[in-house]
Student: 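Here's a structure for you.
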Amino acid sequence: MATYILKRFLQLIPVFLGATLLVYFLVFSLPGDPIVALFGDKPVNEAVAARLREQYHLDQPFWIQYLLYLKGIFTFDLGQDFSGRPIAAVLGEVFPVTARLAVMALIFEAVFGIIFGLIAGLRKGKFFDATVLIASLIVIGIPIFVLGFLLQFTIGVQLGWAKPTVSSAATVQDLILPAIVLGLGSFAYVLRLTRTSVIENMNADYVRTATAKGLSRFRVVRVHILRNSLIPVITFLGADLGALMGGAIVTEGIFNVPGVGNRLYRAVTQGEGPTVVSIVTVLVLIYVVSNLLVDLLYAWLDPRIRYDA
Amino acid sequence: MRFSRTSKALGMVAIAALALTGCGGGGSNTAGGSTGGDASKVIIADGSEPQRPLMPADTNEVGGGKVIDMIFAGLVSYDPSGKPVNELAESIEGKDGQHFTIKIKKDQKFTNGEAITAKSFVDSWNFGAAAKNAQLSGAFFESIKGYDEASAEGSKVETMSGLKVVDDQTFTVELKQPESDWPLRLGYTAFVPVPSGALKDPKGFGEKPVGNGPYKLADGGWQHNVQIQLVPNPEYNGPRKAKNAGVTFKIFQNDDAAYQDLLSNNLDILQTIPTSALKNFKTDLGDRTINKPYAGNQTIAIPEYLPEWSGEAGKLRRQAISMAINREEITKVIFSGARQPAKDFTAPVLDGYSDSIPGSENLKFDAEKAKAAWAKADAIQKWDANKTFTIAYNADKGGHKAWVEAVVNQLKNTLGIKVEGKPYATFKEARNDATAGTLTGAIRAGWQADYPSLYNFLGPIYKTGAGSNDARYANPAFDKAISEGLAASSVSEGNKAMNKAQETLLTDLPAIPLWYQVAQGGWSDKVSNVDYGWDGVPLYYNITGK
Amino acid sequence: MTDFITLDPVPAPAPGKGDTVLEVRDLSVDFGVDKKWVPAAIGLNYEVRAGEVLAIVGESGSGKSASSMALLGLLPTNSRVSGSVKLGGKELLGGNEANIRAVRGKDVAVIFQEPMTALNPVYTVGAQIVETIRLHNEVSPDQAKERALRMLDLVELPDPEKAFKSYPHQLSGGQRQRAMIAQSLSCDPKLLIADEPTTALDVTVQAEILDLMRNLRNKLDSAIVLITHDMGVVADLADRIAVMRRGLIVETGTAGEIFHNPQHEYTKALLAAVPHLGQGGAASDDDVDVTAALAAATHADLEAVPRSELLRRERENAAALAAADTVKPQGEPVLELTDVAIEYPKQGRVPAFRAVEGANLAIYPGQVVGLVGESGSGKTTIGRAAVGLLPVAAGTMKVVGQDISAAKRNGRQLHEMRRHVGMVFQDPSSSLNPRLPIGESIGEPMFLAGVAKGAALQSRIEELLDQVELPRDYRNRYPHELSGGQKQRVGIARALSLKPKLMVADEPTSALDVSVQAKVLELFQNLQKELGFACLFVTHDLAVVDVLADRICVMQRGRIVEQGTRDQILRNPQEPYTQRLLAAVPLPDPEKQRERRELRAQLLSGAS
């Protein structure tokens, strides 16, 4: 097992190199000169532009830029963004916020998705099931920004139960509404996944065995149906953590969350290569590590799965 | 002009019915004079994250500009109507429009206690101009003698020969050539003085700027991407004295979020109502809105380097295009009356503005004359019927698509040629083609004044070889008229000359003026005394609690 | 703990003499299908006494399983149960849920058909047994564990400690079924319902489980309801038999009555359809006395048969073997394997796995070779390699005269070869394209091979349908409109369409009901005689091989351990494995099965 984990961690190296190279290349290929854009409609002062290009290595060919960036990483210097701040500091500001948001969204979708999915599955074809199914379809069908604006307006503006945007500290309380919006789509998936899985497992032979053993309905559900049903759900949730962090961009925009998505959007529009690459790379690493965790969790939940080195 | 400001202003497409007519000053409060109100209120305003460190000469966009403007004071500031008012200046004198003597008030200090002297100004301006410091707004010093030497690429010269300290309170400025409106520019943020520490460590200073304005940055007040907290500077005694307990710029990526915040009173003032809310904001906010023209306009630049737009035929075609656009209709239908059809190349809030400059009839919709002009051009040089005339715009912000499409349709209908909107994904890309001179058709251009002067709308854009001359327009007659205006002995004389120069422009039409910008903002029910300046930015210092 | 069974041997009571444990009266089960009630069982009446095994026999759809699940309320919610079920005089039906739940697992335990899926895969075997014990008994976890270990020991699992800690997937099928039985018996049930307990198991494992159940019945004096379709299993275990057909019990009686003097037509037909080892083909009258053959081969004496009688039967058997015509095969072999090894290629991180080693085999024109073995023996692997679906790792394999050992995957050579080889698969449902009418399925190989087109193709399809005895108008039907047996006929027709020289049939009848299986086998045999193709018939079922095969190859763990003519293998098995395999096949005749069982016991004790 240890070897397996080590091996998976070693796999991070090519993933890291590939991701940085690819993203760096994509940013590099973005049309338009970011330094020219800094001047707005103003006449470009070539002397100033030249200094700035030099400062951000934008006067170098792609490979040199990329290698300089890599060199920076190995000397723990990610470079600076256009406002002259170390990118490492920028990452340190935005990632905790988005991580908090994503984890809250994950908890929301996991807890409610599993509970609703379980109940719907157990009451397959009944009123609750039908209602929840239709509701989840609607949630999946409506784009997240529509839902976001809708909830922001009704709950935030009209009812005043929550602030429509997060405060400067982006506290847990501030993030409840954004987290719900962020997790809503996945909540519907978790719900449907759990439901399908529960229905499948309800008809499984071992559930019949469990019933035949004389177990109460509650215990059959809790011990024999739920755990088995959660295996695919856990896989989804794990993979979703990375997706939530990367996909928070829309939600962060709606609720003005000072997180990864907002900063990334700005970096992309401004053509701040190193900032974009650094953020995306961290996202990729989070994605890979969360997938590794899922695989380990998977093995723990399902003893049939064993990883050999 | 700063693009970002323009884009914000241009976001106000399709504004709900606020008639242009006579509603100029729109707001519920009058400018200047305070009507009382709670001075202990901290005003929460919308802002955006500054793109560069907060160095005055390195800031050229709205996010940082607003802050710099409030934490620094220069020689002059502009009153709400755009008239310069002395702040640090005791007097600015110059008879020939080329040599100025500037005296500054005594006992002025930065908030760190450092005295502000003539040297502070000279050092700050030299710093801003010197190439080695790579300050984005360095070009604002270009009129000063010695700028070219200091700003040349790789230059070792760090001072401009035109600046001389006379004594602690006096310095002189010599310009390269006469520019009668030069003193008007001194209210721009690039001209403010910075403490000596800023010049030694600009980056560190940019994180925690120390100024002399009506406000100062609170301790740890710049939380990046989150907010910028300003508190009143008790030592400030100029015309912009803070009437509240501070201004906090909450940073928004998204205007819609800011609007929701405004609706629920989490935000006190929103500078620009987002496009999506234009339909409802009057209902949502009642009388807590403002609708006020400011020094900005919108044009379509048509590069003369394209063969079919050059020469006499090109000129006729541009006139035809201009007359084929029904500005009244678009400002009414698309902007719900919240733009004013352009009558010249400047803006109506400016001193010297005239709506009846000879040639302004070319900006009036007249289908018959347009067709005739087009036909005349065809007689000189045949327009290829398969050719598509494109109007480029940036699709990332500003909401230009709607009006570009409307213009496209009008041109198609009136002139019977193929016309298309050409969206650029980002502003960056659009600027790239414009500056590189690789446009393949027309491009939308907006201009917002950096300082309240007619010249600012003309010289930097249409003078031969000017930096923002996207159309690559070159007409010696225009250049000459501009030079005469700059050399005029008074501002009003200068204005006359500028409008004379506009006559040439109105015939040549290197760009086609469309409409003037109008600021549309709103505020919460917790504040009062809201008014906007000549530049479309709220007068934050004047806002009070209720 | 007082309820717990003792592990000391208890003298077996005379069967059927105990108290009545279960009394079923007018039991009916209906399923709601499309808002209509469809009966699955109608007015069943039976009772089971302590220490008695009641076998409920029937084919699929007879209602035997549904009616038994109804006893404990284990049916899905779309069902309706009426009548009376009394356990020890106490009514189970119509009571509240808690009532029946208290009975489940404690008084009535169930063993299900699929040991693979009947245990929860995510918990250890021990945890699941402990769960049952602690549910019904107030004991500490340690006591429960101790008890569970004793149960695992009782069901003769070799290493109870290890089994306790194992997850279901870590055990073999037989071990899992033992664990399942251990769990069922852990609370000393008065009644055990065994639903096809051995159907999914290999024949030798089946014999062991049946032995185990018999021993437990004797030891524990439980009543057992055995639900099965396998008359051999019935003969081995049942005291009394109820035959079900289409929801009705058509006949009940003691084992002797049913096997020797069946009254109902259906019972007779069912018994006639059961192939039993040694019976030979449909047209054959030369019954092989396998018991005698085994006795002779192992020099055994049987209590059940007088020595003189046994010796007579052994002599008879030897004479028959000597008399059997040893026809020399003619012509070139259609399939020839020389020292063949077959590997499943490496897939990702799963290393290559050698499934067959050193196989030598030849099939001559017109010959049917039965390849038998238990699961994992490599028999299917050889079948797949013979049609080029798996590469040959070593040795040479010649098919229809061509050496395909080195043939490229999906190459021209294999393509050519496959035109001469027909294939019939185990699962008729999944091997037919559900979106094609069966006429097209049959015609497809001919069309693709370009042998027939248009009208010629149509008439050939009709001819093939005739040959497999399906009405011609079936050509326009879709697979889901056909029964399992009909689908397998279509499969055979398709395999025959190119007039193959070699037919590879992989368990073609094992998914079918007994009576259907008999008809399909008969058809197959007639076709083979008529068309004269050579055939490699892969199966786990010795009785089926006996019906069809000229020669028999016995495989074990990737090797062919013994091969010879049918007579050589059945009358004079030499290899211990062959002997064990033959002895494990239950005979659908209680007396003969008793002989066989005794013989097997001797074989196993001799071997150990």
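We name chains A, B, ... by the order of the sequence lines, and we start the count at 1 in each one.
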Student: Which one, A:T211, A:N201, A:N203, leads in non-hydrogen pairs under 4.5 Å with chain C?
Tutor: A:T211
Student: Would you please name every residue forming a side-chain hydrogen bond (donor to acceptor under 3.5 Å, both in side chains) with C:E131, sequence neighbours left out?
Tutor: A:K213, A:R219, A:H224
Student: Identify the two heavy atoms, one from C:P121 and one from A:P303, that lie closest to each other, and give their separation to 0.1 Å.
Tutor: O-CG, 3.2 Å
Student: OG1 of A:T209 to CD of C:Q128: how many Å apart, nearest 0.5 Å?
Tutor: 8.0 Å
Student: Would you say the side chain of A:V223 lies within less than 4.5 Å of the side chain of C:N120, judging by non-hydrogen atoms?
Tutor: no
Student: Verify the neighbour count for atom CZ of A:F25: are there more than 12 heavy atoms of other residues, nucleotides or ligands below 6.0 Å?
Tutor: no
Student: For A:V207, is it the side chain, the backbone, both, or neither that has a heavy atom closer than 4.5 Å to a heavy atom of chain C?
Tutor: neither
Student: Of all the heavy-atom pairs spanning C:T117 and A:D205, show the shortest one and how long it is.
Tutor: OG1-OD2, 2.6 Å
Student: Just wondering, more than 12 heavy atoms not from C:F31 lying within 6.0 Å of its CZ?
Tutor: yes
Student: Hey, could you give me the CG/OH distance between A:N228 and C:Y123, rounded to the nearest 0.5 Å?
Tutor: 6.5 Å
Student: Check whether C:A109 gets within reach of chain A through its side chain, its backbone, both or neither, counting any heavy atom under 4.5 Å.
Tutor: neither
Student: Highest number of heavy-atom pairs under 4.5 Å with chain A: which of C:Q170, C:H136, C:M69, C:R101?
Tutor: C:R101
Student: Please flag which part of A:A212 lies under 4.5 Å from any non-hydrogen atom of chain C: side chain, backbone, both or neither.
Tutor: both
Student: If you tally heavy-atom pairs under 4.5 Å against chain A, which of C:V110, C:T77, C:V103, C:L119 wins?
Tutor: C:L119
Student: Got more than 12 heavy atoms from elsewhere within 6.0 Å of CH2, C:W37?
Tutor: yes
Student: Please determine whether the number of non-hydrogen atoms from other residues, nucleotides or ligands lying under 6.0 Å from atom CZ of A:F62 exceeds 12.
Tutor: yes
Student: Can you tell which of C:T132, C:I100, C:L72 has the highest number of heavy-atom pairs within less than 4.5 Å of chain A?
Tutor: C:T132
Student: Is chain C contacted by the side chain of A:R208, its backbone, both, or neither, given a heavy-atom distance below 4.5 Å?
Tutor: both
Student: Side chain from CB out, backbone as N, CA, C, O: work out which of these in A:L301 comes under 4.5 Å of a heavy atom of chain C, or both, or neither.
Tutor: backbone
